[in-house]
Amino acid sequence: MSDAKLNSEARALLETPVLVHLATVGGDGPPRLTPAWVDLEGDDVVTNRVEGRAKTRNLRRIDLR
């Protein structure tokens, strides 16, 4: 996980009910855009995901170190 902190403008945006377009990279290379709801848990940005879906597989491939 990153130690980056959200600024007040980003926090205010994420605290409102907005739909975002989450961009990930598919296993075969092309970008994939997925509409998603986001929320905050403390300083962490969280989104919904379902096991077995492409979005979840794509997010698991990300190395956040």
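Sequential numbering from 1 along the given sequence is applied to the chain's residues. All figures in this text were calculated on a predicted structure; none of them were measured in a lab.
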Criterion side-chain contact (heavy atoms from CB on, under 4.5 Å) on V45 and L40, from CA distance to verdict:
CA-CA 5 Å; V45 178; L40 293 175; 3.9 Å; yes
When rounded to the nearest 0.5 angstrom, what is the spacing between CG in L6 and CG in D44?
9.0 Å
Joining Ile, Leu, Val, Met, Phe, Trp and Tyr whenever any side-chain heavy atoms lie under 4.5 Å apart, the cluster holding V25 also takes in none
Show every donor-acceptor pair shorter than 3.5 Å between a side-chain atom in residues 27-35 and any protein atom, with sequence neighbours excluded, or say none if there are none.
none

Pair listing, salt bridge (charged side-chain N to carboxylate O under 4.0 Å, His left out) test, anchored in residues 50-59, at least two apart:
E51-R60
So does W37 get a backbone contact from the side chain of T47, meaning a donor-acceptor N/O pair under 3.5 Å?
yes
Compile the donor-acceptor pairs under 3.5 Å between side chains in residues 8-20 and protein atoms, sequence neighbours left out, one pair per line.
from : atom 1 : to  : atom 2 : distance (Å)
R11  : NH1    : G42 : O      : 3.4
R11  : NH2    : G42 : O      : 3.4
R11  : NH2    : D43 : OD1    : 2.5
T16  : OG1    : L13 : O      : 2.6

